[in-house]
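Quantities reported herein were computed from a predicted structural model and do not represent experimental measurements. Just so it is clear: chains get the letters A, B, ... in the order the sequence lines come, proteins before strands, and each one is counted from 1. Side chains are part of it too, since the values below use all heavy atoms of this structure and drop only hydrogens, waters and symmetry mates.
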2 protein chains.
Amino acid sequence: MNIGTVSKLSGVPAKTIRYYESVGLLPDPVRSENGYRTYGDQEVETLKFVQRSRKLGFKVKDVAALLTLWQDKNRASGDVKALAVSHIQEVEERIKELEAIRSTLLHLVNRCHGDDRPDCPILEGISEK
Amino acid sequence: MNIGTVSKLSGVPAKTIRYYESVGLLPDPVRSENGYRTYGDQEVETLKFVQRSRKLGFKVKDVAALLTLWQDKNRASGDVKALAVSHIQEVEERIKELEAIRSTLLHLVNRCHGDDRPDCPILEGISEK
DNA sequence: TCTTGACCTTCCCACTACTGGAAGGCTCAT
DNA sequence: ATGAGCCTTCCAGTAGTGGGAAGGTCAAGA
């Protein structure tokens with residue numbers, strides 16, 4: 001399988017696969033005689049795992065850790081849980097920040113008539129706060 | 001006022017002020033004979049405005065637009081409102097994404113005993129999903 | 001056989017919004 | 001004169017791609 005095929009099967013763009021390889025998330029693949037990267041079914045699964053981890057918001061470095069644990073049959077599930085719990089906390093913090101932003105913006109927007117007049121509580125709110 | 005003073009008064013790091021200048025968010029300041037950037041009280045206010053806009057999650061390009069509107073005494077408040085409303089929508093979308101992530105992770109974490117055993121529903125959940 | 005198109009390769013630039021550091025100049029106090 | 005603490009510019013790096021150039025490879029059709 002060449003990189004294009006793996007890309008289609010896994011849903012990860014070829015560019016991104018090469019990037020993951022360059023930062024050490026994926027091992028250097030076997031090359032065929034013409035220099036093309038060659039992959040098997042296993043790599044498709046690995047990439048799917050990476051893709052899903054990324055979609056859950058894990059950073060590439062965290063994914064590297066998860067991947068190691070995933071492939072380690074003697075792993076301790078506590079290690080994985082610790083990673084996930086810490087990530088949940090980050091996500092929750094981010095949600096709180098965004099909700100505070102949302103609330104402030106909604107407050108400002110609701111007081112702005114939003115027509116052709118220059119009077120604007122939004123700008124005033126930002127500049128006086 | 002030199003850049004260090006403006007930085008202290010506005011809360012924006014000197015490095016960041018130079019960066020804002022380099023990307024055109026701020027105009028080139030007057031330079032004194034020795035080449036130092038020279039600022040007045042107005043610039044402190046501008047930087048505070050920028051700082052607060054950024055904390056509300058507006059991108060630098062959006063801040064540039066807000067800044068223009070802020071300084072335009074003939075602006076239409078509708079223009080500002082449109083920017084803010086569009087930003088609120090982005091924020092709300094991001095919140096929804098993060099909440100979905102949070103919910104998935106919580107679900108996985110709750111099913112993981114998290115001890116020394118290798119059995120791990122989190123990794124299984126990510127790889128099978 | 002030649003050519004076209006679809007692959008693949010590496011390399012570099014751009015993006016966001018800074019942040020850090022190096023190397024050097026200026027000012028003021030001691 | 002020397003040192004601290006400013007200031008200057010420029011370079012590089014962060015995360016995770018996207019885009020594109022320049023070139024090699026391969027399979028199929030005229």
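- The distance from atom CD of A:Glu21 to atom C1' of D:dT17 is 16 Å, rounded to the nearest whole Å.
- Note on B:Arg18: every side-chain N or O is 4.0 Å or more away from OP1 and OP2 of C:dA17.
- Nucleotide D:dT9 holds its C1' atom 14 Å from the CG atom of B:Asp28, rounded to whole Å.
- The environment of A:Asn110 atom CG is dense: over 12 non-hydrogen atoms of other residues, nucleotides or ligands sit within 6.0 angstrom.
- The distance from atom CD1 of A:Ile3 to atom P of C:dA6 is 19 Å, rounded to the nearest whole Å.
- Here A:Arg37 does not reach the OP1 or OP2 of C:dC8: none of its side-chain N or O atoms lies under 4.0 Å away.
- Taken to the nearest 0.5 Å, the OH atom of A:Tyr39 stands 7.5 Å off from the CG atom of A:Leu26.
- Taking atom CG of B:Leu47 as the reference point, atom P of C:dC18 lies 12 Å away to the nearest angstrom.
- The phosphate of C:dT16 has neither OP1 nor OP2 within less than 4.0 Å of any side-chain N or O from B:Tyr19.
- One atom, CZ of B:Phe58, and another, P of C:dA17, lie 13 Å apart when rounded to the nearest Å.
- When rounded to the nearest whole Å, the span between NZ of B:Lys59 and C1' of C:dC15 equals 11 Å.
- Of all the heavy atoms in B:Leu123 and A:Leu66, the pair that sits closest is CD2-O, 3.9 Å.
- Side-chain N/O atoms of B:Tyr36 include none lying less than 4.0 angstrom from OP1 or OP2 on C:dT27.
- In this entry the distance linking NZ of A:Lys8 with P of C:dC8 reads 8 Å, nearest Å.
- Straight-line distance from the CD atom of A:Glu33 to the P atom of C:dC7: 22 Å, rounded to whole Å.
- More than 12 heavy atoms of other residues, nucleotides or ligands sit less than 6.0 Å from atom CG of A:Asn2.
- Within the structure, every side-chain polar atom (N or O) of B:Asn34 is placed at least 4.0 Å from both OP1 and OP2 of C:dG25.
- Between B:Arg54 and C:dC18, a side-chain N or O to OP1/OP2 separation shorter than 4.0 Å is present.
- With D:dT17, C:dT9, D:dG16 as the candidates, the nucleotide lying closest to the side chain of A:Arg31 is C:dT9.
- Judged purely by distance below 3.5 Å, without hydrogens or angles, the side chains of A:His113 and A:Asp119 pair a donor atom with an acceptor atom.
- Proximity of B:Thr16 to the phosphate of C:dT19: a side-chain N or O atom is located under 4.0 Å from OP1 or OP2.
- Picking from C:dA17, C:dC8, D:dG16 the nucleotide with the shortest atom distance to the side chain of A:Asn2 gives C:dC8.
- Which of C:dA17, D:dG20, C:dG20 sits closest to the side chain of B:Lys15 comes down to C:dG20.
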